Every structure is written in C-alpha cells, then in structure tokens.
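Only one structure is covered here, and it is reproduced in the block below.
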Amino acid sequence: FHVYGAPVLGENEELRGIVLVLHDITELKKLEEVRKDFVANVSHELKTPVTSVKGFTETLLDGAMHDEALSRQFLEIMWKESDRLQDLISDLLELSRIEQDYFELNRTRFDMSSTITEALRLLESKAIDKHLLLTSRIDTGIYMDGDEARIKQIIINLINNAIIYTKEGGEVQVRLFEEAEEAVLEVEDNGIGISPEQLPRIFERFYRVDKARSRGSGGTGLGLAIVKHLTDAHGGRIEVHSRKNEGTTFTLRFPKSRNMEEEEFTNS
Ligand code: ADP
C-alpha cells in the first residue's frame, strides 16, 4: 500500500482528525514484476545462443578449423543456434507488434477451410518424419473476417506444438466446424499432456513445462502467448483441456463472417 496522510484542523487550528488515503498498489507491483521477469528472460534466452556461437567460433579459430569433420560438426551447431536466435527475434518482434495499442489487423473475409488446409500441408512432412498420423475433419464454407496470415500463424503454432509434444506413433487431429454462429477450430493430440498445475500458465511468455524438450525442438516459449493475443484481437476465445500422458486439445472459437447479403444490407 502507498499511504498518504493529512491533518484535519478545526477553526482554531486545533487538530480534529487525520485523513488517511490508502492506495492499493498490488496490481502495479505485479505488472512491474512481470516486466522485470520478461526482460530477464529475454536477456537469458538471447545470451544462450550467442555465447554458444561465440564459443565455437573461437575454438575453430584456435585451430579446430584444420579438422574438417570437427569443423562441420561445429558449424552445424552454430547454424542451429543462429536459427534459434532468428526465431526468437522474430517471435519477440511479433509479440511486441501485437501488444501495441495501435496494432491493426489486416482484415479480409476468407475461407477458413483453405487456410487450415494450407497450414496442414506445411506441417505434413514434419508429422511424417516423426511417424505421426496427422488427420483432419474440415467442414467447408466456413468464412471469417480477420487477418488471414495471423490466423494461419495461430493454426501452425498449435499443430506444430501438437507434433512436438506427441511421441512417435501418436496422432494429431485437426477439426473445423460451425457451432452457434461461431467457427470452431480444434487441435487434438494424444501426446504427453500437461498437468493441471501447469495448465493455467502455458499462455505466459517463456513458460515451458519442460525447458529442455522445448528448446531441443526449436521452441521459443512465445508461441502460445502469441496465439492467445491474436485470438483475443480477433474477438475469439481459446480453451485447453489436457491430461498428463493422455493428450491435449486446444479449442478456438471465432465469430463467423456475416454472409454477403447481410453485408450489402448494412452497407446500403
Ligand atoms: P514452446 O516454444 O516451448 O513450444 P509455447 O508457448 O508454444 O512454447 O508453449 C508453451 C509450453 O506449453 C510448451 O513448452 C509445452 O510445455 C506446453 N505445450 C504447448 N502445447 C502443448 C501440447 N500440445 N501438448 C503438451 N504440452 C504443450
């Protein structure tokens, strides 16, 4: 609490009372903590790959470059670490862009079914490499008003996570259907799942249930924070159900596009 006090004086300047104003700063403090944590996390996440690239460069310059096999091994690690740095920077930029007050979506009316199909096509080979069954049940004719590139990014992030956090031989299913005037997207996996204690935290920036697994698979820890922000920006809702060692389902609901006749009617 911040406390402000002032005396209340009577006609003859005698003390008649004291006014105390108590200002609850819990929320402010919390925000400040979150900001500090975020800066500390960003610094740490950026430092790790840079330190590694620097270390290997130094070792190469110190003589390791004369050993071709070793050089190749080091360069491959450096390549991977620079990749991670690039992903991290682009996720950070995207997050800061969408957190701005004046952030605007590039809105158009688009066909959700084809956006999902494109996202699935992009991730098909990753699923095959991991011997996962990637299936879909996509209803057609579901349109939405929104930023198509961003919606595609949401879908890619969710399917990509489902692939990463599901063991070989598992299954990922993507569904799109209409319910109560809303477009509903579901991404379900039968992977490692998330425990009830950790579930409420997964949308926080840099929160990971298993740091090593996330890093090892190229995760930045920002994917779901971006998904949550973009879903909110589209007036959508996100829900997640998960059971440890059984699987996870993300359900997203977006307002459907009004149909053409309605648009013409309201414009005239
Ligand atoms: P990351 O880059 O680490 O995947 P995200 O923000 O996308 O970051 O996800 C945050 C954390 O939530 C992940 O590190 C992982 O622990 C958990 N998670 C996300 N999706 C799933 C899923 N489908 N199954 C199990 N855990 C998941």
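Atoms within each ligand, like the ligands themselves, are counted from 1 in listed order. Predicted model only: the values in this text are computed from it and were never measured.
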Worksheet entry | M65 backbone acceptor or donor facing S71 side chain under 3.5 Å | yes
Fill in: Check: S242 side chain, I194 main-chain N or O, donor-acceptor pair, under 3.5 Å
yes
Worksheet item: Hey, which atoms in ligand 1 end up nearer than 4.0 Å to a heavy atom of R208?
Response: 3 (O), 14 (O)
Fill in: Whether G221 lies under 4.0 Å from ligand 1, heavy atom
yes
Item to complete: Compute both the distance and the angle, then confirm whether R97 meets the cation-pi test with F103: under 6.0 Å from the six-membered ring centre, within 45 degrees of the axis.
Response: no
Item to complete: Examine the proximity of ligand 1 to Y207 and report which part, side chain or backbone, both or neither, has a heavy atom under 4.0 Å away.
Response: backbone
Discussion item. Tell me the contacting part of D189 for ligand 1: side chain, backbone, both, or neither, using a 4.0 Å heavy-atom threshold, strictly below.
Written reply: side chain
Worksheet item: Can an N or O of I194 be found at a distance shorter than 3.5 Å from an N or O of ligand 1?
Response: no
Worksheet entry | Any donor-acceptor pair under 3.5 Å from S113 side chain to D139 backbone | yes
Practice prompt. Please test Q198 against S195 for side chain to side chain donor-acceptor pair (under 3.5 Å), starting from the C-alpha separation and ending with a verdict.
Written response: CA-CA 5 Å; Q198 281 155 329; S195 67; 2.7 Å; yes
Practice prompt. Within a distance under 4.0 Å of any heavy atom of V209, pick out the atoms of ligand 1 and give their elements.
Written response: 14 (O), 16 (O)
Worksheet item: How far is atom 3 (O) of ligand 1 from its nearest protein heavy atom, and which residue and atom name does that atom have?
Response: S214 OG, 2.5 Å
Worksheet item: Heavy atoms only: which of V172, N161, T220 is nearest to atom 7 (O) of ligand 1?
Response: N161
Worksheet item: Considering only the protein, which heavy-atom contact is closest to atom 21 (C) of ligand 1, and what is its distance?
Response: Y165 CD1, 3.5 Å
